[in-house]
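This report refers to the structure that appears directly beneath it.
Values below: all heavy atoms of this structure, side chains included; hydrogens, waters and symmetry mates excluded.
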Amino acid sequence: MAGAAKTLTNLCPSFPFTTKPQNPLTTHHSFPSTRLRHRAISAVANPVQPPLTTTEGQYRVDVLSESLPFIQKFRGKTIVVKYGGAAMKSPELQASVINDLVLLSCVGLRPVLVHGGGPEINSWLGRLNIPAVFRDGLRVTDADTMEIVSMVLVGKVNKTLVSLINKAGATAVGLSGMDGRLLTARPAPKAAALGFVGEVARVDPTVLRSLIDTNHIPVVTSIAADESGQPYNINADTVAGELAAALGAEKLILLTDVAGILEDRNDPDSLVKKIDIKGVKKMMEDEKVGGGMIPKVNCCVRSLAQGVTTASIIDGRVPHSLLLEILTDEGAGTMITG
C-alpha cells in the first residue's frame, strides 16, 4: 500500500493520500477473491483496519498498475458526470464521488459535475410549509417553488459541493446555467401544467472551456433562464447530456439508484454491460426499458447522436463507482455506444 500511496501522491501532491488503507482504487473489480475485495472496500470506508498483509498490499499495487492504460486513454479528455440519487443523500457515498472526481482530475482527466438536488428542495419546501407537488414524475414549479428551487440549488447544494471538492484538494467553480449564458432555457411542452419547468434551448460552453482549460472542476446546477430572464428548473440528466455534447466530451456518466439497464427489469442479475444505440432503442421498443430509465436512456442516446463517444448509466450506490467505470474493464453499470 505504501508504494501505491506514494505513486498516487506523486501524481497528485494536493490529494490527501496517506499510507493508511484509503486508496479509492481498491474498489477495482479485479481483486482475485470476494473477501479481499470486500476488505479493501471496507478499508476505504473505515480507515481503522488491521494492517494489510503483504499479499493484500501487492494487490493494491497491482490495481494501481492496471489502471495505467485507462488513465492514458482518458488523460486530457472531458468527462461529464451527473450526480444525484443515493450518492447525493449518503455522506459516505458523497465523499466517494468527491474523492473520485478529484483523483480523476489529478491524473489528467477533465471532469465536469452536473447536479440536481430533489431531496434538499423537498426538505426546504417542507420547512416553509410549501407542498411539493409532482405530475407524471415531474415537479410542479410555481413562482414560490421556483424561488426556493433556485435558492437551494444555486445557493446551498452547489456551494456545498464546491467546498467539498476544494477541501479534497482540487479547485472547483460553481455555476448555474445563467452564469456566462451557459444555458438558455425555454418552457417545457407541459409548462402550462408544470409551471416553470424548462428544457435546454441553447448551450454556450465558452465559460466552461475557460475553466476546464485552467484545471478547474466546474460544478453546474440545472437552473437556467429564458431570453427574458425568467428562471426555469431543468432536469439535471438533460443538462448533463447537452453539456457533454456541447463540450465534445469523451464520456457522459449518469449516477443512478439502479445497477444500470437490465435485460429483465425484474431480475437484478440481468445487467446489460454494453449496448449500442440500435440495441437500446430495440429494448425500448420491446418495453424492456421503462419508468424513470426511459428519460435517462433518451438523454444518453441524444448525447451520443451529437458526438459524445460513450454514455454510461451506473450504480451510484456502489462506493467509488466512478473509478470502477473509468479505470477498470468491469465498469459499474451499462455503457451505451454510438
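To the nearest 0.5 angstrom, Ile98 atom CD1 is 11.0 Å from Lys167 atom NZ.
Environment of NZ in Lys159: crowded, with over 12 heavy atoms of neighbouring residues, nucleotides or ligands closer than 6.0 Å. Annotation for Glu147: atom CD does not count as buried by contact number, only 12 or fewer foreign heavy atoms lying within 6.0 Å.
In summary, of the residues considered (Val219, Leu175, Ile217), a side chain to side chain contact (heavy atoms under 4.5 Å, CB included) with Leu211 occurs for Leu175 alone.
Counting heavy atoms from C-beta outward, Ser176 and Thr221 have side chains that approach closer than 4.5 Å. Residues Ile79 and Ile326 form a side-chain contact, since some pair of their non-hydrogen atoms from C-beta on lies under 4.5 Å apart. Thr238 places none of its side-chain heavy atoms less than 4.5 Å from the side chain of Glu199. Side-chain atoms of Leu262 and Asp267, non-hydrogen and from C-beta on, never get closer than 4.5 Å to each other.
Here the side chain of Arg317 pairs no donor or acceptor atom with the backbone of Leu93 at under 3.5 angstrom. Counting only distance, with no hydrogens or angles, the side chain of Ser150 and the backbone of Met146 share a donor-acceptor pair below 3.5 Å. Side chain of Glu263 to main chain of Val272: no donor-acceptor pair is present (N/O by atom type, distance under 3.5 Å, no hydrogens or angles). With Ser123 contributing its side chain and Pro119 its backbone, the two residues share no donor-acceptor pair below 3.5 Å. A donor-acceptor pair under 3.5 Å links the side-chain atoms of Thr214 to the main chain of Ser210, judged by distance alone.
Two different hydrophobic clusters hold Ile165 and Leu243 under the rule that ILVMFWY side chains link at heavy-atom gaps under 4.5 Å. In the hydrophobic clustering of this structure, Val80 groups with Val239; members are Ile, Leu, Val, Met, Phe, Trp, Tyr whose side-chain heavy atoms approach within less than 4.5 Å, directly or through other members.
When only modelled atom types and interatomic distance are considered, Ser312 and Lys251 share a side-chain donor-acceptor pair under 3.5 Å. Ser228 and Gln230 share no side-chain donor-acceptor pair at under 3.5 Å.
With salt bridges taken as basic N to acidic carboxylate O contacts below 4.0 Å, one links Asp237 and Lys82.
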